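Report on the following structure.
Because only heavy atoms are used, hydrogens play no part in the values below, and waters and symmetry mates are left out as well, while side chains stay in. Not measured: the values here are computed from a predicted model. Throughout, protein chains are lettered first and strands after them, A, B, ... in sequence-line order, and every chain is numbered starting at 1.
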Protein chains: 2
Amino acid sequence: MGMNIKKRFHYEARARVAKALAHPSRLLILDALKEKDQCVCELTELVGADQSTVSKHLAILKNVGLVEDRKEGAMVYYRNRCRCLEGFFECIESVLKENIKVQQKMVL
Amino acid sequence: MGMNIKKRFHYEARARVAKALAHPSRLLILDALKEKDQCVCELTELVGADQSTVSKHLAILKNVGLVEDRKEGAMVYYRNRCRCLEGFFECIESVLKENIKVQQKMVL
DNA sequence: TGCCCATATGGTAATATAGCCATACATTTT
DNA sequence: AAAATGTATGGCTATATTACCATATGGGCA
């Protein structure tokens, strides 16, 4: 056995957050929320899926603490709860860019 | 419809990378590879799962370009292909820390 | 009160993921 | 050449994820 329980648990906690980030619609939503808070109907329009689907995506993001919501009349507005997503997105982008570089080398 | 095809495709590409990051064993592996390159048998020992399982995790990481491998005799060594994981891990950590803060407030 | 609008939730079916075992393949050792 | 070691892959089952539909809930308005 390579690890103790505590460490294992820590990686599971991290993975729960990473899993919440692992869907195109959820990444789109987080990106959109960088600009300004948005209600479910706006995000539904943006994502282009069923309203219930988007609502569930938002619940997933909320459960791991990536977004928070506030009620305003009949509407529910969501907003980013962390400013750290920059680092995350940059990392992903750099991987994708590197991949493209490698592909281009293959072609040459 | 809220988006064009190109943007949608971009978010799918990002999500593929994020998905590869969304498993505790794979996060553990990436963390371990920060120190030094390691062969499959070392990583298998570390993760504590079947060798075939670890091999598949490594294939997933490799497919999205997060790691690369080199053969050395009978062994295959893996290593991180991007240095950017810092940013990613920091982001995750900051979310987790914020969650704990909120939980503590609830208790008080 | 009765009717719309915005959102969340339960149900369900299709698909994806994760793990193990068995096994194939390559390399090293005897 | 045969046995042993290190890795990858196919098969299979169990579980998780996703999307949609139908519907419940709650607020605002006629």
* Structure fact -> Contacts of A:C41 and A:K19 projected onto DNA chain C by closest heavy atom; the upstream (5') one is A:C41

* Structure fact -> Of D:dC21, D:dT7, D:dG27, the nucleotide closest to the side chain of A:D50 is D:dC21

* To do: Would you please confirm or rule out a distance under 4.0 Å between OP1 or OP2 of D:dG6 and any side-chain N or O of B:Y78?
  => no

* Structure fact -> In whole angstroms, the gap separating P of D:dG6 from CD of B:E42 amounts to 11 Å

* Asked: DNA chain D: B:V40 or B:K56, which has the more 5' nearest nucleotide?
  -> B:V40

* Below 4.0 angstrom, N of the basic side chain to O of the carboxylate: do B:R14 and A:D31 qualify? -> yes

* Asked: Heavy atoms under 4.0 Å, any strand shown: does A:S52 hit a base, just sugar-phosphate, or nothing?
  -> base

* To do: Figure out the CG/C1' separation between A:L21 and D:dT18, and round it to whole Å.
  => 17 Å

* For B:H23 and D:dA16, what is the distance between atoms NE2 and P respectively, to the nearest whole Å? -> 12 Å

* Short question: side chain of B:R16, backbone of B:V64 - any donor-acceptor pair under 3.5 Å? -> no

* **A:H57 side-chain N/O to D:dT17 phosphate OP1/OP2 under 4.0 Å** => no

* Describe the nucleic acid contact of B:A59 in one word from base, sugar-phosphate, nothing, applying a heavy-atom distance below 4.0 Å. => nothing

* To do: Please indicate whether A:K101 has more than 12 foreign heavy atoms, meaning atoms of other residues, nucleotides or ligands, lying under 6.0 Å from its NZ.
  => no

* Terminal contacting nucleotides, 5' and 3', DNA chain C versus chain A (heavy atom, 4.0 Å) -> C:dA6 to C:dG11

